[in-house]
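Okay, so here's the structure we're looking at.
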2 protein chains.
Amino acid sequence: MAARGAYQTKQKEVIADYFRAHSDACVTAEEVYAALGADVGITTVYRAVARLCEEGALRRYTPQNAGGAALYQLNPCKESHLHIRCMDCGTLEHLRCDVVHDFTKHLLGKHGFVLDEGQTVLYGLCKQCEAKRKQKTEK
Amino acid sequence: MAARGAYQTKQKEVIADYFRAHSDACVTAEEVYAALGADVGITTVYRAVARLCEEGALRRYTPQNAGGAALYQLNPCKESHLHIRCMDCGTLEHLRCDVVHDFTKHLLGKHGFVLDEGQTVLYGLCKQCEAKRKQKTEK
DNA sequence: CTAAGTGCAAAATGTTTGCATACTT
DNA sequence: AAGTATGCAAACATTTTGCACTTAG
């Protein structure tokens with residue numbers, strides 16, 4: 001029987017280090033593989049990110065682009081506040097600001113709804129990707 | 001250049017009808033293909049759902065299952081407003097209120113983030129389920 | 001020493017594309 | 001008649017799996 005995560009290996013460490021060193025980056029398995037060079041195989045990268053996602057250390061985002069590659073990013077934090085996900089580049093950002101608290105209070109007071117900030121992710125477009133989209137449509 | 005949607009064809013109609021007849025169902029392209037039998041090819045199904053998504057008639061959902069197939073479902077409503085999902089009873093509710101618009105404006109103005117209300121679902125607990133939870137913890 | 005982890009190559013999957021044909025307008 | 005839509009097959013990209021080998025405990 002596979003006792004997952006029983007052994008600590010060089011490859012696991014290298015992959016975990018990579019995400020820690022690029023905590024803002026949102027990358028594909030292929031990109032991690034390319035960055036680490038000969039140290040690890042692509043299969044191991046896939047296996048590692050799958051496990052890290054299960055453990056909650058990473059977050060996976062599957063982009064709209066149907067056949068496209070899944071993106072992985074270090075879970076920014078487990079604290080309770082909202083996150084916003086860009087639907088184009090996939091980046092997950094923190095959103096800690098007073099207005100969110102006002103919004104949460106309003107949901108509770110007027111709608112009787114207890115928002116779970118840890119589970120909720122807002123979807124949309126970040127500043128950069130919004131600009132890129134505008135450029136494309138103008139062309 | 002392809003003038004999209006210029007002609008109305010039997011296949012497009014059959015596919016659109018399928019989703020209308022199964023408005024609650026969340027199905028893969030392959031399932032649509034299988035259901036429609038010899039009437040349409042898989043290629044046409046893919047092209048049709050892609051267009052219907054662009055038009056906003058369908059919603060695409062890419063499951064966690066990394067290599068898994070995308071799911072398509074008739075868009076429950078086209079109006080721009082947020083939905084809230086109760087994590088206990090699973091109910092999906094509409095959230096139409098002015099405060100949401102203020103919040104959206106704030107996201108754009110202060111954070112440069114264009115919220116896609118159609119894609120975003122807030123997670124938490126509805127009034128009833130919150131009450132039930134309190135009862136349990138008190139016991 | 002034993003079981004878990006690795007990595008290559010091959011398979012499996014899901015989606016897209018090239019192109020000749022059929023169909024809509 | 002002009003040009004879009006279809007559908008097959010092949011291409012394509014991503015992810016998973018089989019298996020022999022390596023490595024951690």
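Order of the sequence lines fixes the chain letters, A, B, ..., with proteins taken first and strands second; residue numbering starts at 1 for each chain. Model, not experiment: these values are computed from the prediction.
B:V27 is listed as a side-chain neighbour of B:Y18, based on a closest heavy-atom distance under 4.5 Å. When side chains are defined from C-beta on, A:V40 counts as touching A:V45, because their heavy atoms get closer than 4.5 Å. With a 4.5 Å cut-off on side-chain heavy atoms, B:Y123 and A:L115 do not count as touching. For the pair A:L52 and A:E55, the minimum side-chain heavy-atom distance is below 4.5 Å. Side-chain contact between B:D116 and A:L125 is absent, with no heavy-atom pair separated by less than 4.5 Å.
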Check against side-chain hydrogen bond (donor to acceptor under 3.5 Å, both in side chains), A:Y72 and A:R60 | CA-CA 5 Å; A:Y72 300 90; A:R60 187 203 330 258; 3.1 Å; yes

Can you check side-chain hydrogen bond (donor to acceptor under 3.5 Å, both in side chains) on A:Q73 and A:T91, steps first, answer last?
-> CA-CA 8 Å; A:Q73 183 177 24; A:T91 309; 5.6 Å; no

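Residues from residues 8-19 of chain A lying near DNA chain C, meaning a heavy-atom separation below 4.0 Å, are A:T9, A:Q11, A:K12 in numerical order.
Contacts classified as side-chain hydrogen bond (donor to acceptor under 3.5 Å, both in side chains) and involving residues 105-115 of chain A (residues at least two apart or in different chains) are given here: A:H106-A:H111.
Here D:dT15 presents its P atom at 9 Å from CZ of A:R60, a figure rounded to the nearest Å. Look at CG on A:L36: it is 13 Å from P on C:dT6, rounded to the nearest Å. Rounded to whole angstrom, the span from the OH atom of B:Y7 across to the P atom of D:dG7 amounts to 17 Å. Atom pair A:D39:CG and C:dG5:P shows a separation of 19 Å (rounding to whole Å applied).
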Atom pairs, protein N/O to nucleotides 8-10 of chain C N/O, distance under 3.5 Å:
| from | atom 1 | to | atom 2 | distance (Å) |
| --- | --- | --- | --- | --- |
| C:dC8 | N4 | A:T43 | OG1 | 3.3 |

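Minimum atom distance to the side chain of B:Y46 is reached by C:dT16, of the listed D:dT14, D:dT4, C:dT16.
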